[in-house]
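We use all heavy atoms of the structure for the numbers below, so side chains are in, but hydrogens, waters and symmetry mates are not.
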Amino acid sequence: MASRRPEHSAPPEIFYNESEAIKYTTNSRMIAIQAQMSGRAIELLALPDDSPRLILDLGCGSGLSGQVLEEMGHTWVGLDISQAMLNVCRSRGSESGDILLSDLGEGVPFRAGAFDGAISISCIQWLCNADKSTHSPVQRLYRFFSSLYSCLCRNSRAVFQFYPENGSQIELITAQAMRAGFTGGLVVDFPNSTKAKKMFLVLFAGGTAQQLPKGLTESNDNTVPYSSKREITGRGQPSRAPKKSRQWILDKKERRRRQGKHVRADTKYTARKRSARF
């Protein structure tokens, strides 16, 4: 039976052609899944609250993950090997993002310490393939991770959502990341679910020791999947609660809890406006 994994069908710059790129702007289910995974990846970055950061979006595609970054107030730079996907990204417009045609296996072309973090959605597994006779997955992964390590600020994180083909592929990817200087490991959300299970490689770029975040489970997420917390509007854009509203504050506190930070318990007084006088 033929493999259903896209990376076995063709190199990414060929597989993600014009027709495939259009799907990422017209398929509401695909948009919703991409928004869900992007939101979770950004959450795992554990960025400071209410402080814009410059984030690198690796394999940015049509800009769906960049859109989520913009909604959270961040500026981003996206890299992708598919010109067709970048064309769609450019046509969508962006208020705070720049894009660049780039093969990640050739390294990340930015100065040292340029970014406050990096995310990648469904991309890193493509580097495990040797699409050309000159390609060596080990060398390409190491070149990618070592250049990424250099362009990240110390104490920052890089979060990769990916679909590993097998255990050997996980070992290959993580081994080259650690060889390049990163620390960290795998975070698995909903490990006992066939459909909801998602795997994230969370990497720490030097600095002080950091604790690996915990994966989501039904027990610690109150049986509510992450996707249900982000409604999708008619244009395929995740809606957010108004800033400083009660729901906005509750969502913010929940993100901090998932990042392992101490947060005060929710009460009936949470988000209640204080009187101007005593």
request  = Please round to the nearest 0.5 Å and tell me the distance separating atom CG of D98 and atom SG of C60.
outcome  = 10.5 Å
message = Same cluster or not: Y142 versus L79, using hydrophobic residues (I, L, V, M, F, W, Y) connected whenever any side-chain heavy atoms lie under 4.5 Å apart?
response = no
ask   = Would I55 and V77 count as a side-chain contact (heavy atoms from CB on, under 4.5 Å) if you check the C-alpha gap in whole Å, the side-chain angles of each, and the deciding distance to 0.1 Å?
value = CA-CA 6 Å; I55 306 300; V77 175; over 6 Å; no
request  = Kindly compute the distance separating CE (M85) from CD1 (I99), expressed to the nearest 0.5 Å.
outcome  = 11.0 Å
query = Taking atom OG1 of T75 and atom CG of L69, what is their separation to the nearest 0.5 Å?
reply = 9.5 Å
Atom of C123, atom of G59 and distance for their closest heavy-atom approach = SG-CA, 3.9 Å
ask   = If two hydrophobic side chains count as joined below 4.5 Å and joins carry through other members, does L212 share a cluster with I42?
value = yes
query = Transitively linked via ILVMFWY side-chain contacts under 4.5 Å: I33 with I22?
reply = no
ask   = Do the side chains of L148 and L58 get nearer than 4.5 Å, heavy atoms only?
value = yes
query = Can you find a heavy atom in the side chain of S65 that is under 4.5 Å from one in the side chain of I119?
reply = yes
message = Count I, L, V, M, F, W, Y as connected when their side-chain heavy atoms are under 4.5 Å apart, and connections chain through other members. Are L47 and W76 then in the same cluster?
response = yes
ask   = Are R140 and S136 close enough that some pair of their side-chain heavy atoms sits under 4.5 Å apart?
value = no
request  = Using a 4.5 Å cut-off on heavy atoms from C-beta on, say whether the side chain of C128 contacts that of E165.
outcome  = no
task = Establish whether I81 and W126 are linked, either directly or via other cluster members, by ILVMFWY side-chain heavy-atom contacts under 4.5 Å.
result = no
Side chain proximity check, R90 to N87, heavy atoms < 4.5 angstrom = yes
ask   = Taking C-beta and beyond as the side chain, do P137 and L127 meet within less than 4.5 Å on heavy atoms?
value = no
Partners passing ring pair (Phe, Tyr, Trp, His ring centres under 6.0 Å) against F145 (at least two apart in sequence or in another chain) = F160
request  = For I121 and S38, work out which heavy atoms get closest and say how close.
outcome  = CG1-OG, 3.8 Å
request  = Drop me the distance from E43's CD to D251's CG, to the nearest 0.5 angstrom.
outcome  = 10.0 Å
inquiry  = Determine whether a donor-acceptor pair (N or O, by modelled atom type, separation under 3.5 Å) exists between the side chain of S51 and the backbone of P48.
reply    = no
message = My understanding is that only residues two or more places apart in sequence, or in another chain, count here; which of them pass salt bridge (charged side-chain N to carboxylate O under 4.0 Å, His left out) with K197?
response = none
Validation: residues 106-116 side-chain donor-acceptor distances under 3.5 Å, sequence neighbours left out:
| unit_1 | atom_1 | unit_2 | atom_2 | d |
| --- | --- | --- | --- | --- |
| D116 | OD2 | L54 | N | 3.0 |

Using atom types as modelled, flag every donor-acceptor pair under 3.5 Å from a side chain in residues 198-210 to any protein atom, sequence neighbours excluded.
| unit_1 | atom_1 | unit_2 | atom_2 | d |
| --- | --- | --- | --- | --- |
| T208 | OG1 | N155 | OD1 | 3.2 |
| Q210 | OE1 | R157 | NE | 3.0 |
| Q210 | OE1 | R157 | NH2 | 3.4 |
| Q210 | NE2 | N155 | O | 3.3 |

key: Any P164 side-chain heavy atom under 4.5 Å of I173 side chain   = no
inquiry  = With a 3.5 Å distance limit and no angle check, can you tell me whether T174 reaches the backbone of I170 through a side-chain donor-acceptor pair?
reply    = yes
query = Would you say the side-chain atoms of Q161 and S122 include a donor-acceptor pair closer than 3.5 Å?
reply = yes
inquiry  = Measuring from atom CG of L45 to atom NE2 of H74, what distance do you get when rounded to the nearest 0.5 angstrom?
reply    = 8.0 Å
note = Residues L104 and F144: closest non-hydrogen pair is O-CB, 3.4 Å
Output side-chain donor-acceptor pairs under 3.5 Å for residues 182-190, partner residues at least two apart or in another chain, one line each.
| unit_1 | atom_1 | unit_2 | atom_2 | d |
| --- | --- | --- | --- | --- |
| D189 | OD1 | R40 | NH2 | 3.0 |
| D189 | OD1 | L216 | N | 2.8 |
| D189 | OD2 | R40 | NE | 2.7 |

request  = Would you mind reporting whether L101 and D80 have side-chain heavy atoms less than 4.5 Å apart?
outcome  = no
task = For G61 and C89, work out which heavy atoms get closest and say how close.
result = O-CB, 3.6 Å
For N166, all residues meeting side-chain contact (heavy atoms from CB on, under 4.5 Å), sequence neighbours excluded = S168, Q169
